[in-house]
Every structure is written in C-alpha cells, then in structure tokens.
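Worksheet for the structure shown next.
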Amino acid sequence: MFPLNQWYVAGFDWELQDRPVARTLLDRPVVLFKNASGEVAALEDRCCHRSLPLSCGTLESQGLRCGYHGLLFAPDGRCIDVPGQARVPAKACVKSYQVAVRNQVIWIWMGEPANETTRSEPPEISAHDDVRYRFKGGVFHYQAPYQLIHDNLLDLSHVGYVHGKTIGGNARTHMEAPTRVSGTGQHVHVVRHMLNSQPPATYTAAWPFRGRIDRWQEIDFHVSHLNIFTGAVDAGSEPIDNPDRGGFHMRGFHGITPESATTSHYFWTMACSGHPDMPDNLEDVYQQTAATFEEDRIIIEAQYRNLRRFPQPAMVDIHVDAGANRARRVIDDLLAHQHQAALS
Ligand code: FES
Ligand SMILES: [Fe+2]
C-alpha cells in the first residue's frame, strides 16, 4: 500500500515535550518521545508485558515508563527496570525504529534494516535553517489516502478555484499557466510561471508589491514529502528563473505520511522571506497558509468520499494532471518492486 524504504516524517521536534506522542505511521502504532538528554526515540506502542500502549506511560530521564505496572524502556526499546523484581527478563524489549532529527523534522525509517542501498541520510529541509527565512508549521490529519494529497500538491492549477481568499488570484491565470514537468528516478519537478498577474491576498498582506507581479511555483516531489517554492517579484523587475532572485518567497514543506491505506498525516511548514517594512509577515503567512490547507483538506476528503461512492471511476485526464500522474507512476513502480521482493 505504501513504499516502505523511505524516510517518512513522524513529527516535529517541538511536538515532543514532557509527554509521549502516539501516532500510527504506515499502519503501525508508534510512540515517540524524547529523553532527558534530548535523544528522540520511536518504539512500537505496545508494552511487552500486558500490551498497554506505552503512550499511556510517563517520561523519565532514562526513558518511558509503562503506565500499568511500571516497566521502564530505554530509547532503544530495551526494558531496563521491572519494579519489585531484580532481574529484567531477557525478552523484555519492544521494537524500536530508526529515527533522525534534521532541521527540526523527525524522520522515521520503517523499511528494511539499514544497508547501503536502502538507508541514506534523511532529507534536508534547508529553509528551516536559512537565515533569509522564518518558518512555522503544523500537523493535519486527513480522512483520505496519501496519494490524493500528492495529486493536490503537484497540481497547483486548483489554487484559483480553491484558495480564492488567500493565495489564489485569477482562476483562469492559474489554469492557463505554462507548466513544465520533468524528473529523474523517484523525483518529479513541476514549474509554473504566471507573469504579469494580479497578486493574491496573502502576497499583498506580506509584501509591498507595487502592482502586478511575476509569480512562480516550483514543486519538488519526493516519495515521502514535497518541497514547494512559490513567490513573486514586481512584474518585469527581474527574471524569475534566477536562483538568487529576490522578492517574496514562500518555501513550503509537506511531509505526507500514510497513517493507513485510507488516512494520512500531513506535516507542514511554511518559511517566508521578511521585508524591512513588514517584519512581522510570518504570522500572517502562517495563518493564511493554515486556512489554505484546511480548504485543501475539505476538498480532498470530499473527493475521497465520492471516490468510495463511485468505486470504479472512469477519470478523465486534462493538461494539469501531468505532474501528479508522473508521481503516481513513481509510486506504482516502487510498490511493484516491493511486491516482487516480498514474493522472492
Ligand atoms: S502492561 Fe506495561 S508494565 Fe504491565
Ligand atoms: Fe491547495
């Protein structure tokens, strides 16, 4: 149902405070926690004694103590204390998952154990640590499968129709924007330009544009997440294919982690460039982005409800679907290989 050999987003570093976090990822119940030395751990959310979810337990300096009979588990899943019993049974351990924190994103590996071909460093989300930007983010839960969210993010032609109050603008401009789709391996790249267009509400609230704008959308799809770089400069002021261009930048990070075959976690952040005259634009951008993504959630969940009411839909492709269809082929290939490997 999902490609397993990927780094998936399990959460954000700031979510782990003084209590464990329960989250089902790729159909497996997981408890996430941070110990006193700041080490982040992900364990199967089941005590090996009598199966209480470990997420019902409490954090201690050495690890997570079960909330039923007090077994204490270290971040690697070993039980290190059985209250009232000197010897810890050799089998007293729970499954642990490899996790890594990078740029405040907690990544989890739930696929094959480490080897040179299946394990790599988790992705870098450089905008989180780029001095030009400030960012803020959140977590959505979707009653919809992960690929419908991929489709939505790879096809930004919907922006004018779905997000008219925030990042939208003229719907026809979005639908008519020239779109280039490319990619290699598991990566899909989509670029759209809207020259000399009307700035949408979120942009004018965050940046002192003089009038019309040259606007870009650059989408980088990876199997577990997408990076979407959008923004604009004053129309005609500078080329928008220059990597060092100025203007208003919004760098969105979208970690899409399946919870199950039919539900998903959506971890997102939005980083934006500040303007000297609008030093506090991040809060506006964050609020409007959250409202925008809530609009997407409503659309996608309604779409999924209808897909279930019409289980054999004959869907028609149009020009805007090229990026999403390419990403679906990437996932199809990975699932076919995974299936083949499971049989052999
Ligand atoms: S169920 Fe966890 S200690 Fe008994
Ligand atoms: Fe959207």
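Computed over heavy atoms, backbone and side chain alike; hydrogens, waters and symmetry mates excluded. Since the structure is predicted, the reported quantities are computational estimates derived from the model, not experimental observations. Note that ligands are numbered from 1 as they come in the structure, with each ligand's atoms numbered from 1 the same way.
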Salt-bridged, Glu218 to Arg245, with N to O below 4.0 Å? yes
I'd like to know if Asp13 and Lys34 make a salt bridge, using a cut-off of under 4.0 Å between side-chain N and carboxylate O. yes
Which residue, Trp207, Tyr203, Trp216, forms the ring-ring contact (aromatic ring centres under 6.0 Å, His included) with His249? Trp216
Checking only N/O/S atoms, does His49 have one that is under 2.8 Å from atom 2 (Fe) of ligand 1? no
Which residue holds the protein heavy atom closest to atom 1 (S) of ligand 1, what is that atom called, and what is the gap in Å? Arg50 N, 3.3 Å
Look at Arg192 together with Glu176 and state whether they make a salt bridge at an N to O cut-off of under 4.0 Å. no
Got Pro145 and Gln147 here, is their nearest side-chain heavy-atom distance under 4.5 Å? no
Got a salt bridge between Arg28 and Asp45, using NZ or NE/NH1/NH2 to carboxylate O under 4.0 Å? no
Atom indices of ligand 1 within 4.0 angstrom of Tyr68 heavy atoms, with elements: 1 (S), 4 (Fe)
Examine all N, O or S atoms of Cys66, backbone included, and report whether one is under 2.8 Å from atom 2 (Fe) of ligand 1. yes
In ligand 1, which numbered atoms sit nearer than 4.0 Å to a non-hydrogen atom of Gly70? 3 (S)
Regarding Cys47, does it place an N, O or S atom less than 2.8 Å from atom 4 (Fe) of ligand 1? no
Tell me, do Val82 and Leu72 make a side-chain contact under 4.5 Å, heavy atoms counted? no
Can you name the N/O/S atom of His69 that is nearest atom 4 (Fe) of ligand 1? ND1
May I have the angle between His158 NE2 and His163 NE2 with its vertex at the Fe ion (ligand 2), rounded to 10°? 100°
Residue Glu295, metal the Fe ion (ligand 2), N/O/S under 2.8 Å: no
